[in-house]
Amino acid sequence: MAQEIVSTRVYYRVAVALFVLLGLTILAAEIHLGPLAVVVAMLIAGVKAALVGLYFMHLRMSSVMMRLFALGGLLWFLLLLGGTLNDYFTRLAPPMLG
């Protein structure tokens with residue numbers, strides 16, 4: 001199986017993009033966005049995670065099976081996170097002592 005050679009220029013561009021997104025994250029935290037703050041932060045984090053997965057984890061050049069396994073891991077994480085948040089948000093406040 002022949003490996004595709006990736007130029008170091010690609011890695012530098014992705015690293016610069018990650019630093020720009022880091023700055024955007026910091027800027028978004030400083031600006032009062034109200035309820036949209038979480039949505040903006042998650043969108044930026046999703047783009048950063050996609051860049052890391054596609055380029056630094058080489059999913060862009062991987063087989064379909066490898067991409068499916070990566071997607072399965074992501075879906076499993078979201079399922080566990082959803083169950084945790086479901087438990088957290090459906091609990092009643094503890095009774096006050098005293």
Side-chain angles (χ1 to χ4, degrees):
M1 181 177 190
Q3 295 290 328
E4 184 177 332
I5 304 293
V6 180
S7 170
T8 55
R9 182 178 291 160
V10 172
Y11 290 120
Y12 287 129
R13 286 181 179 171
V14 172
V16 168
L18 288 171
F19 280 119
V20 168
L21 288 169
L22 172 65
L24 194 59
T25 302
I26 294 169
L27 182 67
E30 294 295 324
I31 299 172
H32 178 67
L33 297 174
L36 238 54
V38 174
V39 175
V40 169
M42 288 299 162
L43 283 174
I44 295 170
V47 171
K48 288 192 285 191
L51 284 173
V52 169
L54 288 173
Y55 291 98
F56 292 119
M57 294 173 63
H58 302 286
L59 288 177
R60 186 170 174 262
M61 286 90 51
S62 295
S63 66
V64 174
M65 184 64 74
M66 187 64 73
R67 291 179 188 177
L68 284 175
F69 273 95
L71 182 63
L74 178 64
L75 291 176
W76 181 250
F77 169 71
L78 292 175
L79 187 71
L80 290 174
L81 182 66
T84 302
L85 290 176
N86 182 38
D87 179 49
Y88 178 76
F89 287 125
T90 56
R91 288 184 180 224
L92 298 175
M96 298 301 289
L97 298 175

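All heavy atoms count here, side chains included; hydrogens, waters and symmetry mates do not.
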Chemist: For Val64, which fellow cluster members are found when Ile, Leu, Val, Met, Phe, Trp and Tyr are connected by side-chain heavy-atom distances below 4.5 angstrom, either directly or through intermediates?
Modeler: Leu68
Chemist: Tell me whether Leu51 shares a hydrophobic cluster with Val10, the cluster being built from Ile, Leu, Val, Met, Phe, Trp, Tyr side chains joined at under 4.5 Å.
Modeler: yes
Chemist: Met42 and Leu75: same hydrophobic cluster, using ILVMFWY side-chain contacts below 4.5 Å?
Modeler: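 Met42 and Leu75: separate clusters.
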Chemist: Once salt bridge (charged side-chain N to carboxylate O under 4.0 Å, His left out) is applied, what residue pairs with a partner in residues 61-81 remain, sequence neighbours excluded?
Modeler: none
Chemist: Test: ring-ring contact (aromatic ring centres under 6.0 Å, His included). Region: residues 35-61. Which pairs qualify, not counting sequence neighbours?
Modeler: Tyr11-Phe56
Chemist: Could you measure the distance from the CG atom of Leu54 to the CE atom of Met61? Nearest 0.5 Å is fine.
Modeler: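 Reported to 0.5 Å precision, the distance equals 9.0 Å.
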Chemist: Could you pull out all donor-acceptor pairs under 3.5 Å where a side-chain atom in residues 19-38 meets a protein atom, sequence neighbours excluded?
Modeler:
unit_1 : atom_1 : unit_2 : atom_2 : d
Thr25  : OG1    : Leu21  : O      : 2.8
Thr25  : OG1    : Lys48  : NZ     : 3.3

Chemist: Does anything in residues 68-82 form a side chain to side chain donor-acceptor pair (under 3.5 Å)? List the pairs, not counting sequence neighbours.
Modeler: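 Residue pairs passing side chain to side chain donor-acceptor pair (under 3.5 Å), neighbours aside: none found.
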Chemist: Could you tell me which residues satisfy side chain to side chain donor-acceptor pair (under 3.5 Å) with Arg91, sequence neighbours excluded, listed by chain and number?
Modeler: Asp87
Chemist: Taking only residues two or more places apart in sequence, or in another chain, which ones meet Phe69 in a ring pair (Phe, Tyr, Trp, His ring centres under 6.0 Å)?
Modeler: none
Chemist: Under 3.5 Å, which donor-acceptor pairs do the side chains of residues 78-85 form with other protein atoms, sequence neighbours left out?
Modeler:
unit_1 : atom_1 : unit_2 : atom_2 : d
Thr84  : OG1    : Leu80  : O      : 2.9

